[in-house]
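Shown next, in structure tokens, is the structure this report addresses.
Model, not experiment: these values are computed from the prediction. Residue numbers begin at 1 in each chain, while the letters A, B, ... track the order of the sequences.
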2 protein chains.
Amino acid sequence: MSSGRTRIQQKNREVILEAGLEAFSEAGFRGTTLDRIAKGAGLSKPNLLYYFPSKEAIHRELLSRQLDLWLAPLRTLDPDGDPLEELLGYVHRKLALSRDHPRESRLFANEVLQGAPHILDTLQQDLRALVEDAAGVIRGWIAAGRLAPIDPVHLIFSVWSLTQHYADFDVQVRAVLGDADPFPGAERHLDAVFRRLLMPDPEKACAEAAVG
Amino acid sequence: MSSGRTRIQQKNREVILEAGLEAFSEAGFRGTTLDRIAKGAGLSKPNLLYYFPSKEAIHRELLSRQLDLWLAPLRTLDPDGDPLEELLGYVHRKLALSRDHPRESRLFANEVLQGAPHILDTLQQDLRALVEDAAGVIRGWIAAGRLAPIDPVHLIFSVWSLTQHYADFDVQVRAVLGDADPFPGAERHLDAVFRRLLMPDPEKACAEAAVG
DNA sequence: TCCTGATTTGACCAATCGGTTAAAGACACG
DNA sequence: CGTGTCTTTAACCGATTGGTCAAATCAGGA
């Protein structure tokens with residue numbers, strides 16, 4: 001009565017969302033069937049619809065539940081920290097999300113790729129505002145000469161694309177690399193890329209380049 | 001009799017493939033219905049199946065027909081050319097593909113994102129071999145000191161992800177940037193990124209950074 | 001114990017899925 | 001004209017889709 005939800009309800013809703021994540025991330029919204037989610041959750045189809053009113057409700061709940069986690073790394077940029085450290089840390093955390101939560105990445109990738117019909121509002125409002133905040137921080141660093149001059153918004157796009165690539169196109173990456181774990185190599189590569197890209201001090205950049 | 005295909009057949013097959021590209025790139029294979037393709041092509045559903053034996057045949061034809069075009073930019077790397085020019089040219093051509101053929105990009109993105117069930121063989125053989133060739137060229141440049149040291153395969157992944165991002169996640173990019181055309185900014189950004197990333201000569205890099 | 005509400009399910013629904021069939025319509029060619 | 005081929009479609013098929021409903025089952029408190 002206090003929480004409004006039984007233990008059974010909480011547990012089954014979790015099981016359903018887990019199965020839904022597995023399915024939606026693999027096949028997208030339209031490509032996913034209630035039967036498949038039900039089977040994955042070990043429940044009957046009518047029982048699914050006892051816990052969620054519709055397929056779309058499961059999808060919506062998944063998207064909104066993961067969105068905060070998904071954008072969290074970008075919120076942590078500290079204007080008073082060291083710019084290079086902050087941004088490399090961001091890249092690192094974002095790549096870790098791709099490694100540890102590839103299904104969540106593919107869930108969003110499917111959604112956006114197909115026109116973001118369920119989260120377009122959120123993108124245009126929350127995401128845009130969040131990016132604008134982060135871009136402001138980056139602009140401040142550049143203005144203070146603490147960071148190489150670069151378009152902050154496109155820089156953020158670059159972090160997204162470079163890191164999420166290893167989750168969203170995992171199959172392709174492994175097909176090209178062989179089946180070895182791509183992430184150690186990806187981590188080294190992205191660290192080197194962004195270090196070289198963002199280094200504000202020409203002399204340090206030169207030294208690094210000369211050594212490397 | 002000579003070509004084995006009537007004018008009507010050729011024209012209708014084209015119309016069907018155009019409608020199929022529109023549909024598959026938007027909704028993926030499972031999310032696309034024959035009825036939608038038929039409607040888009042202005043034909044009846046049985047008439048579709050007079051020209052193609054199945055939905056999968058349309059999809060397969062689209063994938064194989066676009067694959068060469070899609071990978072062409074990577075084949076043009078000239079070992080005897082200027083490394084920086086060659087790679088910047090590759091980035092430029094790849095970004096132009098994202099701008100001028102976003103549906104083709106999303107067609108592949110959907111396919112790979114959902115596990116590449118129809119082209120996994122091609123990825124593991126042709127694509128892998130192609131990347132290995134290109135990586136060899138890049139390694140040669142690095143060994144000759146004509147290019148900054150960098151992992152060639154991950155560099156290619158980076159080109160793919162950075163350029164295709166503007167086609168595949170177009171909706172998200174526009175949501176963040178507003179609805180202005182993202183490509184001029186993307187072009188400037190990627191040019192600057194790869195210039196800085198690949199510049200082999202420390203002094204030139206320093207000069208560029210100091211000026212920029 | 002019984003009772004009440006929470007949970008589960010078999011049977012079912014209209015709509016849509018990919019695909020088939022047979023027959024009609026359009027066309028070229030003699 | 002006629003004829004044989006190419007093209008198109010109405011009608012239909014079994015399977016699957018998202019979703020409903022009433023009845024059965026379960027769990028827990030008095």
Side-chain angles (χ1 to χ4, degrees), chain A residues 1-63 107 110-111 114-115 117-118, chain B residues 1-63 107 110-111 114-115 117-118:
Chain A
M1 183 176 286
S2 56
S3 83
R5 292 234 161 89
T6 318
R7 289 159 242 127
I8 295 183
Q9 277 180 2
Q10 289 191 358
K11 192 200 66 178
N12 277 348
R13 281 177 62 95
E14 289 307 316
V15 169
I16 291 169
L17 289 173
E18 160 67 25
L21 175 60
E22 185 75 23
F24 285 127
S25 68
E26 233 182 85
F29 180 74
R30 295 189 240 194
T32 296
T33 71
L34 281 178
D35 285 293
R36 182 179 165 184
I37 300 178
K39 196 176 175 184
L43 299 173
S44 65
K45 187 167 61 169
N47 206 7
L48 265 197
L49 296 161
Y50 172 73
Y51 290 103
F52 289 90
S54 68
K55 170 174 142 180
E56 196 171 346
I58 303 175
H59 191 242
R60 189 167 32 234
E61 174 75 16
L62 274 170
L63 285 174
L107 177 74
N110 264 303
E111 172 68 9
Q114 304 189 358
H118 305 100
Chain B
M1 184 176 286
S2 56
S3 82
R5 291 232 162 90
T6 317
R7 292 159 240 127
I8 295 183
Q9 278 179 1
Q10 288 191 359
K11 193 200 66 177
N12 277 347
R13 282 177 62 93
E14 289 307 315
V15 169
I16 291 169
L17 288 173
E18 160 66 25
L21 174 59
E22 185 75 23
F24 286 128
S25 68
E26 232 182 86
F29 180 75
R30 294 189 240 194
T32 295
T33 71
L34 281 178
D35 286 292
R36 182 179 165 185
I37 300 179
K39 196 176 175 183
L43 299 173
S44 65
K45 188 168 59 171
N47 206 7
L48 265 197
L49 296 161
Y50 171 73
Y51 291 101
F52 289 91
S54 68
K55 170 174 143 182
E56 196 171 347
I58 304 175
H59 191 242
R60 189 168 32 235
E61 175 74 17
L62 275 170
L63 285 174
L107 177 74
N110 264 304
E111 173 68 9
Q114 304 189 359
H118 306 100

Q: Looking only at non-hydrogen atoms, find the nearest pair between A/I37 and A/A23 and report the distance.
A: CG1-CB, 4.1 Å

Q) Which of residues 16-39 of chain B sit near DNA chain D, with a heavy atom under 4.0 Å from it? A) none

Q.
Can you see if the side chain of A/Q9 gets near the phosphate of C/dT7 - specifically, an N or O under 4.0 Å from OP1 or OP2?
A. yes

Q: Ignoring hydrogens and angles, tell me if any N or O in the side chain of A/E111 forms a donor-acceptor pair with the backbone of A/H118 under 3.5 Å.
A: yes

Q | Rounded distance [0.5 Å steps], CG in B/L48 versus CD1 in B/I16 | A | 5.0 Å

(Q) Would you compute the distance between atom NZ of A/K55 and atom NZ of A/K45 and round it to the nearest 0.5 angstrom? (A) 11.0 Å

Evaluate the side-chain proximity of [Y] to [X]: yes if any heavy-atom separation is below 4.5 Å, no if none is.
| X | Y | answer |
| --- | --- | --- |
| A/F24 | A/I58 | yes |
| A/E26 | A/T32 | no |
| B/H59 | B/L63 | yes |
| A/F52 | A/N12 | no |

Short heteroatom pairs, N/O only, protein and nucleotides 8-15 of chain D, under 3.5 Å:
{"from": "D/dT8", "atom 1": "OP2", "to": "B/N12", "atom 2": "ND2", "distance (Å)": "3.2"}
{"from": "D/dT8", "atom 1": "OP2", "to": "B/N47", "atom 2": "OD1", "distance (Å)": "3.4"}
{"from": "D/dT8", "atom 1": "OP2", "to": "B/N47", "atom 2": "ND2", "distance (Å)": "3.3"}
{"from": "D/dT8", "atom 1": "OP2", "to": "B/Y51", "atom 2": "OH", "distance (Å)": "2.4"}
{"from": "D/dT8", "atom 1": "O5'", "to": "B/N47", "atom 2": "ND2", "distance (Å)": "3.2"}
{"from": "D/dT9", "atom 1": "OP2", "to": "B/S44", "atom 2": "OG", "distance (Å)": "3.2"}

Between [atom2] of [N] and [atom1] of [X], the distance in whole Å:
| X | N | atom1 | atom2 | answer |
| --- | --- | --- | --- | --- |
| A/K11 | C/dT7 | NZ | P | 11 Å |
| B/R13 | D/dT7 | CZ | C1' | 15 Å |
| A/L49 | C/dC13 | CG | C1' | 14 Å |

